[in-house]
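Report on the following structure.
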Protein chains: 6
Amino acid sequence: MKLQHATWQEVERYLERASGIIIPIGSTEQHGPNGLLGTDAICPESVAWELGERHDILVGPTQSLGMAQHHLAFPGSISLRPSTLIAVLRDTVTSLARHGFTHVFFLNGHGGNIATVNAAFAEIYSERSLRSDGQPSNALQLTLSNWFAGPRVRELAQSLYGDAEGGHATASEVSLSWFARPEAVKDVTMSPRIAPSGSAQCDADEFRRRFPDGRMGSDPSLSRIEHGERFQAAAVEDTWDAYRAFLGQSQ
Amino acid sequence: MKLQHATWQEVERYLERASGIIIPIGSTEQHGPNGLLGTDAICPESVAWELGERHDILVGPTQSLGMAQHHLAFPGSISLRPSTLIAVLRDTVTSLARHGFTHVFFLNGHGGNIATVNAAFAEIYSERSLRSDGQPSNALQLTLSNWFAGPRVRELAQSLYGDAEGGHATASEVSLSWFARPEAVKDVTMSPRIAPSGSAQCDADEFRRRFPDGRMGSDPSLSRIEHGERFQAAAVEDTWDAYRAFLGQSQ
Amino acid sequence: MKLQHATWQEVERYLERASGIIIPIGSTEQHGPNGLLGTDAICPESVAWELGERHDILVGPTQSLGMAQHHLAFPGSISLRPSTLIAVLRDTVTSLARHGFTHVFFLNGHGGNIATVNAAFAEIYSERSLRSDGQPSNALQLTLSNWFAGPRVRELAQSLYGDAEGGHATASEVSLSWFARPEAVKDVTMSPRIAPSGSAQCDADEFRRRFPDGRMGSDPSLSRIEHGERFQAAAVEDTWDAYRAFLGQSQ
Amino acid sequence: MKLQHATWQEVERYLERASGIIIPIGSTEQHGPNGLLGTDAICPESVAWELGERHDILVGPTQSLGMAQHHLAFPGSISLRPSTLIAVLRDTVTSLARHGFTHVFFLNGHGGNIATVNAAFAEIYSERSLRSDGQPSNALQLTLSNWFAGPRVRELAQSLYGDAEGGHATASEVSLSWFARPEAVKDVTMSPRIAPSGSAQCDADEFRRRFPDGRMGSDPSLSRIEHGERFQAAAVEDTWDAYRAFLGQSQ
Amino acid sequence: MKLQHATWQEVERYLERASGIIIPIGSTEQHGPNGLLGTDAICPESVAWELGERHDILVGPTQSLGMAQHHLAFPGSISLRPSTLIAVLRDTVTSLARHGFTHVFFLNGHGGNIATVNAAFAEIYSERSLRSDGQPSNALQLTLSNWFAGPRVRELAQSLYGDAEGGHATASEVSLSWFARPEAVKDVTMSPRIAPSGSAQCDADEFRRRFPDGRMGSDPSLSRIEHGERFQAAAVEDTWDAYRAFLGQSQ
Amino acid sequence: MKLQHATWQEVERYLERASGIIIPIGSTEQHGPNGLLGTDAICPESVAWELGERHDILVGPTQSLGMAQHHLAFPGSISLRPSTLIAVLRDTVTSLARHGFTHVFFLNGHGGNIATVNAAFAEIYSERSLRSDGQPSNALQLTLSNWFAGPRVRELAQSLYGDAEGGHATASEVSLSWFARPEAVKDVTMSPRIAPSGSAQCDADEFRRRFPDGRMGSDPSLSRIEHGERFQAAAVEDTWDAYRAFLGQSQ
């Protein structure tokens, strides 16, 4: 069930039978010559929506902006500072906790978000841990899962692309985004075929010097809509495993 | 053109012919017994996408979370504090300004956002105005336009619903959200038919006491998909007028 | 009763018979060639003091600094960022709530404050609404009233000045400030007689380009001390209506 | 010259002949059984206004709210957190620096402000010192002067009250506030005559336990309007010395 | 060279021959029944000091407080919120960048710091990437290296302890801290011998429920001072490799 | 007992017999031609450790970074903004209060910290004083003591150095740091012998103009290790007096 398409009474009834929710989180940032600026949001959203349909899991609104400072030298990229993203996640989780959600599962599409999202979790937990009033805090479990890092997805990417999968603007994420948005497929020739590799730990000007067309180590000209369908299927299964394991954690 | 579906090179080329962008901004909050939690984001998004298609205007990612603290006593509502939303808008605008956008037009679907968005504009301008280095700041124009407040939309709502239009979970916004998401139409009987009226200037517990099912002064059982289509058409025209007037402002 | 002139025991006794307070809020910013930098603080203060005397209402210290970033290209203007003003109002209201005040009525003299003050109210309410401890929050009502926007004041300005009233450094506010501070009357010739009109939604450098002597659409050479006396009388009546309506709101 | 009573053109002309400004800063907090809640703002304001008149010094708007957390258990007290007051002073000074003021002299009436105001100065200087762009920062000098701590004032208080002067709600400040606001004189019997002494380094509940009627070590029943006149004269001379020494500091 | 033991002239001369610096960063948190609260700071400090001596690398002051919210239910643990630690690292790096340091290498002793430190790097880079003034930013490279995660250290831990190494209060870190602080060795019997395993992604109360004596999956009764000496040697070599690779990165 | 060398169980047992703790706080900043960058942290740490040993007082980790913005024009200096240091101290005290510590005694080595540390105390107390829930806050006492300002230390400095003691990079602190770190003694000729005097209330560039080699009014070529031993002894006695007086304050 999509939260955006539900009424509050439908959410109220959902909370009688469940206490978990999935929030897709991505980024709006360049993805090379044929990748969409919205790739990192579109991918986890498509996985979450499919998973939500199949297993009656509530899926919240997609957080389309992430921490993308290193991509800002490419037009169209939008970045939240870590401190801003932490505040957004804190308010989101606090809102959900008020309603009785105890397990908030962020399904992530952007490697650059991982550190900040985990710092946000620590910020939220700190608010509870730094209290000295002796009150037990109510249960709250937070986790981050990357749709692109599950075993089935990793295996599929390896089998389809090998080393040409790369690290940013990967062949797999471009395929999945095209499957989710077939109207936005681009046909672009890559040069060089496989982009240079390296570290993204730098500021935006330096990132563009290192990675002139935005790709990192990938050849997304290999991407295909039909691959995307298979990636979605694999990611739904990987994520379902992760979600069930997460719900199984008691608090 | 949707930014999320563009490559960075497509945005680069857009910036050679234009310097404006539309960002839909809404909220995720209860909209009464038959309104969707995503209503306030879905409505401006659908207007912006249609307008963008017709007139070659770039439309950025929808900001689905807004300032909705007064709705938090209804399950599913998610609110950003004003200080958080200000930070989000500051980072969004700063990112866009780096790329050369000079006119950022926020198309809003939620009355509760208006004060905070205008405060965010003032925060962004303050950063420039409080500098004493004698450097002229580069051009930047920001505006907020409410899809529901243009003359054609107002007139249509009056002609269709009269006083039953109301102030929150209005018949018009429910109609437009249904037109945009026909799969999510709900059939619910309202009681009382027209909800109580009053001020939303209070906290969440008090809001729910004042407005038990979430509606304010409205009868959204009058909503129809076909009304939604007419509201979209009216809003696209109203917004096109507003956007052109905005671009006409020099700086 | 002026809070600044009371002892804490006098406030304690006031709280036995009342729970409302008026806080004048203004700005320190240019008001054209014959308007005082303190106009926006002096005007609501003079109205609040008179009202407080007549009806035994406690009047707190005037907040003389407001959100005035667009005026910073004119010497003497001082601006708080929206985030700063939000913090000031949050601490002010929290202090008053601790003492048992339940209705805090801000009487405003500056249009540029409106968005930020309303965002501050939302920030204060958010603190209460984002709690999930199940505790009911104590009653707290906040409102903003603009002395210059009440029906009697609007009518008087129209009858005295018509279109020459303008939007900033208006003839009415200059008159009222002179009535309150007759020692500070200035005799200045205006050129052009009526200042240009336009939007103040911009940064300081751009504002000065649009409005070279600081006025917006006004001819304050029409201002007179005796007009000011009439504006004060009208504003006291308008504000008394607004204050009683505000107290009448239950929570 | 009072900034609040000046036009921007008058400030512009002032800046051609001077670059210093005095900002009175106080607090709104209980001052015992016969002291005004506004004492700490009224006193430095009256000194600054007199000094400004005599020596053509611009006097900015009084900062009436200070850091008064320890007084919050007494009705009427309003406190800004240190972080809030730091932001207020940062924005105030940044605004003034934009106009070309190079020497900002805060005339203080509240001991509890001293640490926070000095921390604010350090915060403002940090912004300049933490830049690594090799740009020399423009001149800016900040200082805090306490009207009650100059040699003439100290001597007068000793001669009039000896040990009964005390540490808070002192006989001298009550005298000066009465001289400045004769309409607000209170006639109250003190019990005990001299209040208990101790440290104010604690929270509000503890402060009230230590100092039940709000006074610290003082007997303000000794206060007289005519003493206040002498205190004002002494403070004007002390402050004039301090201000000239401050202007003499080069940068 | 230890920065704390150098004069500013010695640092000035160092900057003529080098531009890198190592900052040890740890935490102050429980480390089970025989581990020191300072373990996570002591370990990287001892490695950094030895490495600095051998290869003429400047070593800055140890950041002894880290992000340790999950340990706060055990007496003596002190935690900085992520937002606080981000501010500390931002100010530290900005100070160093002003002096001309271009490569800041944080040598970390606490897994719980990793996300926050990487978020801090992104916050620092964001400040540069979100500028739109067209100025190229000066070179700055930041990295985090975990003393406990290098290949030689991992291999040694495996060979000495196998699975009893564990995840928190590990046998290896206790050994190294004892080698560095032999006066603080504790002789404690563990029960159970190997502590339970699980996730530390939770708040403090929940962490203590999961891990009653603070250890996670480890048997630190296997720790020995002589092991610590070998861990230091291995970590110095691992870190030297990492530091040279880091300096080799151009910007 | 050093907290860093204790286990959590040892701290737990300490809390059964005591509720006070000493936190050394210093700075990392230039101390002239022969003073160590770590002087301000090394000195209070050495005093606290000695005092802790003698009287069974727990000594927490040394806060090595302080507010040192004015020293940033000298290589090696690192400064925290006041707002950052306030956050660090707030989190530190909140962590300790959770464990049951009621008296936190900061032993300071840097005059530049005094205002900010006191502002931090006020920020911490504000959190308690601004609550209106009627709950009594638990006991918490905070104090700052400067090792260099006690009567025995002042007298010794006067007897050894007279006016050559100075205000920064003093002969006494250099002596004490050398006693604590004899391996770091420097032999440097001073020119002029006694450094210029003046105010440190300015930014970093201006500070370096005023004080070219970093010293303020001192001749630390008079410093000797054996003096340092005497300063430590004097400071331990002074601090012991201050600590006992602090514990004697009830709350």
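Chain A is the first sequence line, chain B the second, and so forth, proteins listed ahead of strands; every chain is numbered from 1. As the structure is a computational prediction, the values presented were derived from the model and not from experiment.
When each of C:Ser79, C:Ala119, C:Ala68 is scored by its heavy-atom pairs under 4.5 Å with chain B, the top score falls to C:Ala119. Looking only at heavy-atom pairs under 4.5 Å with chain C, the residue among B:Ala115, B:Ala73, B:Ala120 that has the most is B:Ala115. Between chain B and the options C:Ala87, C:Ala122, C:Gly198, C:Gly112, the largest number of non-hydrogen pairs under 4.5 Å is found for C:Ala122.
Around the CG atom of C:Asp241, the shell of radius 6.0 Å holds more than 12 heavy atoms that belong to other residues, nucleotides or ligands.
Remark: B:Arg215 pairs with B:Asp213 by the salt bridge (charged side-chain N to carboxylate O under 4.0 Å, His left out) rule, at least two apart or across chains.
Contacts classified as salt bridge (charged side-chain N to carboxylate O under 4.0 Å, His left out) and involving residues 16-35 of chain C (residues at least two apart or in different chains) are given here: C:Arg17-C:Asp56.
The side-chain tip of C:Arg208 points at the ring of C:Phe74 from less than 6.0 angstrom away and within 45° of straight on.
If you measure heavy-atom distances from C:Leu142 to chain B, the contacts under 4.5 Å come from the backbone alone.
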